[in-house]
Amino acid sequence: MKNTYHTLVIGSGCAGYNAADWLFDLGVTDIALITEGQKMGTSRNTGSDKQTYYKLTIAGEESDSVYEMARTLFDGGAVHGDTALAEAAGSVKAFMKLVHFGLPFPTNKYGAYIGYKTDHDPRQRATSCGPLTSKLMTEALEKSVLQKGIEIIDNAPVAKLLVEDNQIQGLVYYRVGEGFVTLRAQNIILATGGPAGVYADSVFPISQTGGTGLALAAGADACNLQEWQYGLASTDFRWNVSGTYQQVLPRYISVDADGIEHEFLAEYFSNPAEGLNRVFLKGYQWPFDTRKLEGSSLIDLLVAAEMKEKKRTVYMDFRRNPSRLNFEDLNDEVYDYLKKSDALFGTPIERLQKMNPKAIDLYRNNGIDLHTEPLKVAVCAQHCNGGIAVDINWETNIKGLYAVGEAAGTFGVYRPGGSALNSAQVGSMRAAEHIARKGETLGESEENAADFTPPVFNYAPTVNFIKKTRATQDAMSHYAAYNRDIPQMQKLYDNCRRQVERFFDDATITCDADIPALYKAYDLLITQEKVLSAMLFAAREWGTHGGAMVKGTQETDAARLKEVVITKGNYSTFAPVRALPECDDWFERDWEAQR
């Protein structure tokens with residue numbers, strides 16, 4: 001069996017496949033893509049009302065430029081200027097590759113790729129192939145990788161990254177029946193998605209497990225692990241309820257322990273139009289935002305209060321109109337939108353059928369009929385805006401280790417909706433380009449420069465780590481999500497740290513088939529520990545900001561968000577953002593330098 005590669009890519013989402021595809025096209029063919037499950041992950045198994053891809057404006061009369069897009073990304077707060085500029089500069093190249101692969105992004109009759117406005121977007125840079133945009137991206141990139149014959153090592157969850165003298169040396173994966181397998185590599189691209197298991201209340205698909213802890217355990221620095229995006233999502237089938245789901249003005253209800261139904265928005269707002277205007281705004285202001293606590297984000301708080309304080313189950317009901325709905329009472333923005341959409345009629349489900357029938361089909365295909373049943377929802381974690389710290393080539397502080405997609409900490413506080421898909425494509429492309437430029441090769445070796453000795457496992461009649469994992473996830477959702485409590489987070493952090501130190505000594509498994517789950521729990525616990533370290537530091541220094549209210553603090557002055565929170569080991573601190581570069585471009589000079 002081959003045990004040495006030039007480069008390994010971990011992850012089979014749109015970032016991982018894109019990295020492998022670019023490497024091959026750039027002449028780096030001694031590669032393999034390794035994954036715990038080829039059909040797993042967020043890219044393939046999630047989306048939204050119309051899942052957004054954020055790119056440079058390339059249609060219409062509206063002016064735009066690479067630098068303006070970079071400025072938008074940078075102004076989101078706690079974003080490095082050089083990576084923002086790289087994401088903007090690479091957006092058209094990355095987008096057009098997907099177009100070439102057949103992604104059906106809509107155009108006008110002249111062939112221009114039209115756009116729309118998304119959250120935290122001053123222009124109309126967003127586009128979409130529909131609710132499954134990232135799935136279509138992943139399938140197209142996977143097809144290209146398979147056609148090129150790139151090796152895929154499936155059903156191989158990675159247990160450890162091997163590092164020596166701050167240089168990546170390889171990895172160890174575990175396969176049931178085969179045991180631990182060590183592969184040597186000069187470069188590794190971590191494309192494992194976000195740390196999906198941090199929270200109990202989560203819209204990440206069950207199939208998304210992440211691998212942030214692999215890099216953290218290997219000594220990689222983290223950036224902005226405290227920055228997350230939260231919003232309303234369905235929980236029986238995990239999906240964002242953004243866009244049209246809100247703009248058709250569904251009825252919000254909660255059900256108490258006695259089965260009594262409460263239309264709680266109608267109870268809270270004496271003028272029903274005030275509540276409905278806010279519901280509508282949740283469509284494109286979907287992320288919870290502490291700057292909008294009296295606006296659209298009030299809906300999130302009211303949903304959370306029904307669940308956390310009143311212990312009720314909350315639903316969005318599309319079958320009946322909200323009480324006292326009168327279209328004429330809605331504000332101009334809402335009324336005009338519905339009028340232009342020919343949707344000033346009927347019930348929410350009838351309006352949804354008119355405006356976005358695929359949104360209904362999506363739930364029907366997953367066992368939920370919005371015509372006949374309400375949709376259970378909660379305020380959930382949806383995206384980690386932090387991750388592993390990277391430079392403009394998406395390389396970490398460990399030489400040869402790259403982090404791309406949501407695994408990379410490039411997104412800051414207020415990222416425009418859909419910028420994650422652009423970042424995944426640009427970051428993985430730049431990592432591949434940087435690796436190709438290095439042009440180094442390794443020979444076959446029987447020995448590894450870094451050794452791996454597995455721990456001694458404790459076998460028992462039952463596993464004991466799963467219950468602890470769930471308890472920590474519940475506590476994270478309760479005290480360290482959109483509503484953060486410093487004393488409780490400190491207790492939770494201390495508990496996580498103790499568990500990490502004694503994890504393999506205390507954990508029990510029933511058989512070797514439990515080993516992959518054991519390592520996933522360890523990876524998650526390491527990540528939760530570092531996330532809490534960053535959260536505690538930011539809560540004490542910044543207070544309330546972005547997607548998180550910190551109990552007992554005020555809203556952070558936006559001027560303070562010109563720093564990032566860096567986590568090294570168990571210590572978090574501020575570092576200044578790298579400035580947005582001033583581009584003194586001159587064709588002849590730069591062409592000569594490139595030659």
Side-chain angles (χ1 to χ4, degrees), residues 1-13 15-17 19-20 23 28 30-38 40-41 150-193 195 209-221 387-388 390 394-405 407-408 428 431-432 435 438 440-455 504 515-524 526-527:
M1 176 183 172
K2 182 176 172 63
N3 71 349
T4 301
Y5 296 84
H6 182 279
T7 300
L8 292 168
V9 179
I10 308 174
S12 53
Y17 278 126
L23 283 166
V28 183
D30 182 21
I31 60 177
L33 185 147
I34 183 167
T35 175
E36 64 181 299
Q38 214 170 322
M40 296 171 67
I150 295 171
E151 182 180 1
I152 297 177
I153 304 171
D154 201 0
N155 301 311
V158 177
K160 187 177 179 65
L161 298 179
L162 302 177
V163 177
E164 186 172 273
D165 296 330
N166 205 46
Q167 165 72 53
I168 199 73
Q169 299 291 330
L171 59 78
V172 180
Y173 71 83
Y174 184 88
R175 183 179 281 156
V176 176
E178 189 176 358
F180 289 100
V181 177
T182 299
L183 300 179
R184 186 179 175 217
Q186 176 188 326
N187 305 287
I188 290 180
I189 300 177
L190 188 74
T192 51
T209 60
T212 302
L214 290 171
L216 295 172
D221 295 342
I388 303 303
V390 296
W394 271 250
E395 189 172 23
T396 72
N397 59 295
I398 297 172
K399 186 179 179 182
L401 176 63
Y402 299 77
V404 300
S428 52
I435 289 169
K438 293 192 296 187
E440 301 165 9
T441 58
L442 290 175
E444 288 285 343
S445 174
E446 297 260 332
E447 298 181 1
N448 292 285
D451 294 326
F452 170 72
T453 302
F504 289 106
I515 291 176
L518 178 72
Y519 271 92
K520 279 297 171 185
Y522 183 59
D523 181 287
L524 175 58
I526 290 172
T527 305

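Basis for what follows: all heavy atoms, side chains included, without hydrogens, waters or symmetry-related copies. The chain is numbered in sequence order, starting from 1.
- Judged purely by atom type and a 3.5 angstrom limit, K520 uses its side chain to pair as donor or acceptor with the backbone of G210.
- Using a 4.0 Å cut-off between a side-chain N of Lys or Arg and a carboxylate O of Asp or Glu, K2 and E151 do not qualify as a salt bridge.
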(request) Check the pair Y17 / V9 against side-chain contact (heavy atoms from CB on, under 4.5 Å), numbers first and verdict last. (result) CA-CA 8 Å; Y17 278 126; V9 179; over 6 Å; no
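- The minimum heavy-atom distance between I189 and A19, with the atom names listed, is CD1-CB, 3.9 Å.
- Judged by distance alone, with hydrogens and angles left aside, the side-chain atoms of D523 form a donor-acceptor pair with the main-chain N or O of G213 at under 3.5 Å.
- Here CD1 of I152 is found 11.5 Å from CD1 of I34. Values are rounded to the nearest 0.5 Å.
- Separation of atoms CG (L171) and CD1 (I188) is listed at 4.5 Å; rounding is to 0.5 Å.
- Side-chain atoms of R175 and I153, non-hydrogen and from C-beta on, do get closer than 4.5 Å to each other.
- The ring-ring contact (aromatic ring centres under 6.0 Å, His included) test applied to F180 returns Y174, F452, Y519, not counting sequence neighbours.
- Considering all non-hydrogen atoms of both residues, I388 and A403 come closest at CB-CB, 3.9 Å.
- Side-chain contact check for E178 versus Y173: some heavy-atom pair is nearer than 4.5 Å.
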(request) Evaluate side-chain contact (heavy atoms from CB on, under 4.5 Å) for I435 paired with H6, printing each intermediate quantity in order. (result) CA-CA 9 Å; I435 289 169; H6 182 279; 3.6 Å; yes
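- How far CG of N187 is from NZ of K399: 9.5 Å, rounded to the nearest 0.5 Å.
- The backbone N or O of V404 lies less than 3.5 Å from no partner atom in the side chain of S428, so there is not a single donor-acceptor pair.
- Side-chain contact between L23 and I150 is absent, with no heavy atoms from C-beta onward closer than 4.5 Å.
- Using modelled atom types, no side-chain atom of N3 and backbone atom of V181 make a donor-acceptor pair closer than 3.5 Å.
- Taken to the nearest 0.5 Å, the CD1 atom of I526 stands 8.5 Å off from the CG atom of L214.
- With sequence neighbours excluded, the residues that form a ring-ring contact (aromatic ring centres under 6.0 Å, His included) with Y402 are H434.
- I398 has its side chain out of reach of L161: every pair of non-hydrogen atoms, C-beta onward, lies at least 4.5 Å apart.
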